[in-house]
Amino acid sequence: MFNNENGVSTSRFVSLSAQNVQWSHQQVLALLSQVFLLLISMLIITSMIINLGERSLQEDWAEQRYSELQTVGTLTADKISFLQFRTQTLSRGDLLGRYLKMPTPILKQALIDNWQKLSDTIPELLGVTLYDTQGRLQFSSNNNFDNIQLPQSLLSKDNSMGRNDVYSSPMAFIPTNGLLGPYIYQLIRLENKANGLTGYLVVYNSVSSVLDSIKPAFFNHNSPLLLLDSQGYLYAGANQVMPLDTMPDTLGANIKQSNPKLWRHIAMSNYGQFHSLDTTFVHLKVELATEQDFPRDYVLLSYIRHDDIAARFEQWKIILIISALIISTLASLLIIFRHRFVLEKKAKLNSMRLANGLFNSDLICMIANDNGRVISANPKAADIMGLPLDELRDRSLLRILHLDEARFKQIKATLEQEGQWSGEFSLDTISGCTLKAHIRREYKNKHEGCYWLVTLEDVSQLLKSQQQAYLYQLLCDSAVATALTDASGKLLKFNSEFDNLMGLHGDHQHSLIELLGDEMQAQWSHISAQISLQGQWSGQVISCSNCRFSACLKTTLRGQLTLEGDIEYIICTLEIASPVLDKQAKSSNVLGHHSSIVLKVNELETHFNSLSESAKQESSLLVMDINPDGIISHLSDIALLEKRQKEIELHLLNALPNHYQVAQWQLGKLVIWLPATSSIQAHQYARETLTSLEENQLAEGINIGISGYLVPQTLDSYLQNADIALKRAKQSNDQRICQAFTRQFTSA
């Protein structure tokens, strides 16, 4: 908040331009989920509209085709009736009447020529045939119907047909001009008053021609018209354009076999629609005759592919998709703008709260105009400057920070060019502190001027810490090689002596374990455990083939532990010393002092062999078995036994006297070498060890065998004697410690 004082024009509100809109992961996920749901919804709605539109077109097509099938059925029935009328007309022809009264070759030929002329003129008329009263063929307009036999029911005396009645036959197939086609024939009795029945006139008509004369006015080529009988056999509509696999395409084929589902639907209703996955069918049953002896139910069937419907709907589909994309884009932009508006609103509120919180925090903040005159300051700035807050306002930074004119002009020039300036001021005359200043030049808005945001930081303690760190560096740069590592042994800091000893040349990308040799890697777990338990580890490291040094180093590792007891840092000091053992006789280049590590039996043997005979005579050997019968089944597997042995080793090391040594003999057995220890002292140590293990719940199944040294004796026989004592201890039920080959220790 700015105040107008002493005639200085200031703004009462300043917003921080650095506080921009920040998109959090939650807000981004919310935005993406809303946009995703919008797109999914638009996709579903568009798909539903397209499917409904295509289904509506299918239904419209089905209704239109059904109306056309009705018209075709009516016209076909009318055409059949007209054919009956034409048959009656032919039967009453004058030329036929004269022939029946006086059959002469000339009249016969004239009658045949007349019929042939009619067949050539009328497309659906295939031919005319004359039969006698016995049903024998007299003559025909062509030879295609010479083998046609009339039904005996029409020739019998019980036939009730009158002179004007016309019989229509069921459909059948006959080859015409080399092509098989459906036909029906119509029969009429020929009678006269004088002689009665004189014969039968049969007129053959093509069903395909009848339908072809009707179909072009109603159907297009993409919607075929099929004619089926009551048994499902195809009589018309073959040679379809791109026929379906499930539709019959040859005359005489049965739809009942190729598409049984469709035929069941047709057989159960006289008319209707049938929708499959890719096709819509429309069917209608029609009667082409009224004879009771022969059912004349036929089925008119038409279908259309859904792809054809979709092609008709393609233009509307494109319009719908484009509209959906536009609506989705606009809706997505609306969602984004809404989120942006909410975030900007929150950002402004947060910016105001943040600016107020920062300005009134422990930071030293001031706001000045573009001439360097203080507009506002927080209480912390007033305290550091030693002035009341009201007096601090409207003062110049030049006077407050005790700057000279040249430096103040340099600061203004830097702010005008780069927009910010950083530097340090010493206020020794006021508060005795050193301040680090950061001044940033900000714009209020496009139409008003600029202001300076001044942030001061008291770096007096930092300078003191840097000076103190420099003094510590001088202190550590001594003649002793010293290094600081983390818990894993990675180098963090080291002095010049350590650098010269290892030849690192200032490179910190090394590990202490790597620098001290491969054996250190094998011993590191024991060393880390020793540091965690006792705070430090001491030992000797002898040079090896892969070491960077050539001398024997006395090594001390001191740990800096956390409150939880974990190692945080390790301070390593290295001093050149004489090796304890001969370099050629040792098997390890890492030798722990004061029994700080668990050795291997071969390492213990090397140490044992290097001792004098008198030192050996004064020693005892203890073998501890932690793997009695059934312990593995109790612990489930070997891994748990190893873990238990590790816990016991660490416990022993933690309480082990300085001159004692622990070694691993085999899995489940530990060896403790006790120098300068009598049999009584060895037994007392064994009892104390068992008691300590029991207190820590580690004594289950523990047995101990103790042996004294016999002159002369190797370590192997020494171990065998202790092992015999161990077996005796395991055989007893109540005793867990047994001694063998012991003797009273007498000091010289």
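Along the sequence shown, residues are numbered consecutively beginning with 1. Just so it is clear, the values below take in all heavy atoms, side chains as well, and ignore hydrogens, waters and symmetry mates.
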Flag, side chain of [X] to backbone of [Y], donor-acceptor distance under 3.5 Å:
X    : Y    : result
N371 : R373 : no
T74  : Q70  : yes
R399 : R395 : no
T329 : L325 : yes
S258 : T246 : yes
N51  : S47  : yes

* Determine, step by step, whether N369 and W452 satisfy the side chain to side chain donor-acceptor pair (under 3.5 Å) criterion, reporting the C-alpha distance in whole Å, the side-chain angles of both residues, the deciding distance to 0.1 Å, and the verdict. => CA-CA 6 Å; N369 60 18; W452 294 359; over 6 Å; no
Between atom [atom1] of [X] and atom [atom2] of [Y], what is the distance when rounded to the nearest 0.5 Å?
X    : Y    : atom1 : atom2 : value
I570 : L484 : CD1   : CG    : 9.0 Å
L57  : L52  : CG    : CG    : 11.0 Å
Y451 : R441 : OH    : CZ    : 12.0 Å
Q560 : D566 : CD    : CG    : 12.5 Å
L403 : L397 : CG    : CG    : 8.0 Å
E344 : R340 : CD    : CZ    : 4.5 Å

For a quick test of reading the model, state the closest non-hydrogen atom pair linking [X] to [Y] and the distance between them.
X    : Y    : answer
P379 : L389 : N-CD1, 4.4 Å
S302 : P224 : OG-O, 2.9 Å
R393 : I375 : CG-O, 3.9 Å
L39  : S328 : CD2-CB, 3.8 Å
T46  : A324 : OG1-CB, 3.1 Å
A487 : I567 : CB-O, 3.3 Å

Measuring only between side-chain heavy atoms, which start at C-beta, is [X] closer than 4.5 Å to [Y]?
X    : Y    : result
D297 : V286 : no
I364 : T455 : no
C365 : V454 : no
L301 : L228 : yes
F281 : S276 : yes
F274 : R264 : no
K490 : H510 : no
E405 : L398 : yes

Answer yes if the side chains of [X] and [Y] hold a donor-acceptor pair under 3.5 Å, and no otherwise.
X    : Y    : value
H306 : T280 : yes
H275 : Q273 : yes
T71  : E68  : no

* To do: Applying salt bridge (charged side-chain N to carboxylate O under 4.0 Å, His left out), run through R440 and E442 and close with a yes or a no.
  => CA-CA 6 Å; R440 189 171 69 249; E442 296 288 348; 2.5 Å; yes
* Asked: Between E54 and R312, is there a side-chain N and carboxylate O pair less than 4.0 Å apart?
  -> no
Go through the structure and list residues passing ring-ring contact (aromatic ring centres under 6.0 Å, His included) with [X], not counting sequence neighbours.
X    : value
W263 : none
H438 : none
Y233 : none

Should we say atom [atom1] of [X] is surrounded by more than 12 heavy atoms from elsewhere, each under 6.0 Å from it?
X    : atom1 : answer
F313 : CZ    : yes
Q315 : CD    : no
K285 : NZ    : yes

* Step-by-step ring pair (Phe, Tyr, Trp, His ring centres under 6.0 Å) determination, Y66 to H283 -> CA-CA 7 Å; Y66 177 71; H283 64 90; 8.6 Å; no
* side-chain contact (heavy atoms from CB on, under 4.5 Å) involving D307 - partner list, sequence neighbours excluded -> none
* To do: Enumerate the residue pairs fulfilling ring pair (Phe, Tyr, Trp, His ring centres under 6.0 Å) with a member in residues 234-257, sequence neighbours excluded, ordered by first and then second residue.
  => F173-Y235
* Steps toward side-chain contact (heavy atoms from CB on, under 4.5 Å) verdict (L234, L227) -> CA-CA 6 Å; L234 179 65; L227 181 63; 5.8 Å; no
* Should I439 and Q420 be marked as a side-chain contact (heavy atoms from CB on, under 4.5 Å) after you check the CA-CA gap, both sets of side-chain angles, and the distance that decides it? -> CA-CA 5 Å; I439 304 176; Q420 60 182 1; over 6 Å; no
Result block: side-chain N/O donor-acceptor pairs under 3.5 angstrom for residues 406-414, not counting sequence neighbours:
unit_1 : atom_1 : unit_2 : atom_2 : d
R407   : NH2    : E424   : O      : 3.2
T414   : OG1    : Q410   : O      : 2.9

* Audit row: Q27, S24, side chain to side chain donor-acceptor pair (under 3.5 Å) steps and yes/no -> CA-CA 5 Å; Q27 291 163 341; S24 65; 3.2 Å; yes
* Asked: When you look at E124 and K79, which way does the salt bridge (charged side-chain N to carboxylate O under 4.0 Å, His left out) test go after all the steps?
  -> CA-CA 10 Å; E124 64 270 14; K79 191 73 173 180; 3.4 Å; yes
